[in-house]
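Everything below concerns the one structure shown next.
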Amino acid sequence: MLITGVRGSEAQHTTTAQYYRDLIRQTGELEDNVQQLQSEQQQAEQQAEQQLDEVMQEVKSEKLEAAKTEAKAAFVAKVSSLFGSGKMKALERRNEDLQDRILELEEEARQREHQQAKQIQEIKNAYEQQNGKLSEFVDFVKRYFPYVEKLMPTIKFLRDTLNFGDAVIRKLCTFQGCFH
């Protein structure tokens, strides 16, 4: 660690203005990170919902197929009882196979739903952690440098309304060139 004011040290003193510029830049970066995390969370939630919808459609389709098979099996059972056909056992076996497949698909859907819920929770945790860091940083800036918060509307006005560049805004915020 280099310390200013010590003979032979190569450390350079950071001006207050430079320190505040760095704080403002870091605040912007943290805000960008929070926005990116929010966007990623929304995308993950949309993907999870879409996957869940697809699985539910598969399950509904399989259930419908099973219901049709049951109806056919019942019809064949009545007809075969009249004619003594051996097709009944084959249809019963097919019905049982379809019922097993429905159970498998329902279990898959539950597992996917659980995985998606876990992913969403992980994204939420990461977002909350990042947001907490940002809140701590903002509180620090507000506590020790209250005038930075008061400069923000002015900076926004200079940038958005008057279309001033960053270099000009930095000079104005540090009062450089104003009294020379």
Side-chain angles (χ1 to χ4, degrees), residues 1-4 9-67 98-174:
M1 177 164 105
L2 299 175
I3 302 174
T4 58
S9 174
E10 294 181 20
Q12 296 180 355
H13 178 72
T14 302
T15 66
T16 304
Q18 179 63 40
Y19 181 74
Y20 292 128
R21 284 193 298 270
D22 291 346
L23 286 177
I24 290 171
R25 181 186 50 78
Q26 289 173 352
T27 301
E29 290 172 359
L30 287 173
E31 288 173 349
D32 290 344
N33 289 343
V34 167
Q35 289 175 354
Q36 181 180 357
L37 284 172
Q38 287 173 333
S39 174
E40 290 173 2
Q41 178 184 7
Q42 289 173 347
Q43 288 174 354
E45 287 175 354
Q46 288 172 352
Q47 288 175 348
E49 288 176 9
Q50 183 180 3
Q51 289 174 350
L52 182 58
D53 288 343
E54 290 172 4
V55 169
M56 294 309 289
Q57 288 299 327
E58 287 179 31
V59 169
K60 286 179 184 177
S61 174
E62 291 291 331
K63 282 184 177 180
L64 180 59
E65 186 64 31
L98 287 173
Q99 291 295 332
D100 291 343
R101 179 67 179 141
I102 289 170
L103 293 174
E104 288 173 12
L105 287 173
E106 287 174 342
E107 180 59 29
E108 266 183 48
R110 281 191 291 276
Q111 288 176 356
R112 284 184 186 173
E113 192 175 324
H114 177 70
Q115 288 174 341
Q116 291 166 352
K118 252 174 84 170
Q119 289 173 341
I120 289 171
Q121 187 60 44
E122 288 172 2
I123 290 169
K124 284 180 181 178
N125 290 344
Y127 168 76
E128 288 172 1
Q129 183 181 14
Q130 192 69 19
N131 196 29
K133 288 179 182 179
L134 177 62
S135 293
E136 287 177 23
F137 180 75
V138 169
D139 289 344
F140 176 83
V141 170
K142 285 180 181 178
R143 184 178 317 118
Y144 294 107
F145 311 102
Y147 60 87
V148 170
E149 185 176 16
K150 293 176 183 173
L151 280 175
M152 295 307 286
T154 303
I155 293 170
K156 183 172 176 43
F157 174 76
L158 293 172
R159 186 183 59 225
D160 298 343
T161 305
L162 300 180
N163 297 320
F164 280 22
D166 284 344
V168 173
I169 293 172
R170 279 191 206 107
K171 280 188 175 183
L172 289 172
C173 288
T174 59

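With contacts defined as side-chain heavy-atom distances shorter than 4.5 Å, the pair Glu104/Arg101 qualifies. When side chains are defined from C-beta on, Lys118 does not count as touching Gln115, because their heavy atoms never get closer than 4.5 Å. You'll find the side chain of Met56 stays beyond 4.5 Å of the side chain of Glu113, heavy atoms only. Looking at heavy atoms from C-beta onward, Arg159 lies in side-chain contact with Ile169 at the 4.5 angstrom threshold. Residues Glu107 and Leu103 form no side-chain contact, since every pair of their non-hydrogen atoms from C-beta on lies 4.5 Å or further apart. When side chains are defined from C-beta on, Gln46 does not count as touching Gln50, because their heavy atoms never get closer than 4.5 Å.
Here the straight-line distance linking atom CD of Glu136 with atom CG of Asn131 works out to 10.5 Å at 0.5 Å rounding. For the atom pair CE (Met152) and NZ (Lys150), the distance works out to 14.5 Å, reported to the nearest 0.5 Å. To the nearest 0.5 Å, atom OG1 of residue Thr27 and atom CG of residue Asp32 are 11.0 Å apart. Rounding to the nearest 0.5 angstrom, the gap separating the NZ atom in Lys156 from the CG atom in Leu151 is 15.0 Å. For the atom pair CD (Gln51) and CZ (Arg112), the distance works out to 7.0 Å, reported to the nearest 0.5 Å. Taken from CZ in Phe164 to OG1 in Thr154, the straight-line distance is 11.5 Å, to the nearest 0.5 Å.
Not a single side-chain contact (heavy atoms from CB on, under 4.5 Å) links Gln42 to another residue, sequence neighbours left out.
Evaluated for a side chain to side chain donor-acceptor pair (under 3.5 Å) with Tyr127, the options Gln36, Gln38, Gln41 yield exactly one hit, Gln38.
Counting non-hydrogen atoms of neighbouring residues, nucleotides and ligands closer than 6.0 angstrom, the OH atom of Tyr147 exceeds 12 such neighbours.
Using modelled atom types, one finds no donor on one side chain facing an acceptor on the other under 3.5 Å when comparing Asp53 with Gln57. A donor-acceptor pair shorter than 3.5 Å cannot be found between the side chains of Glu31 and Gln35.
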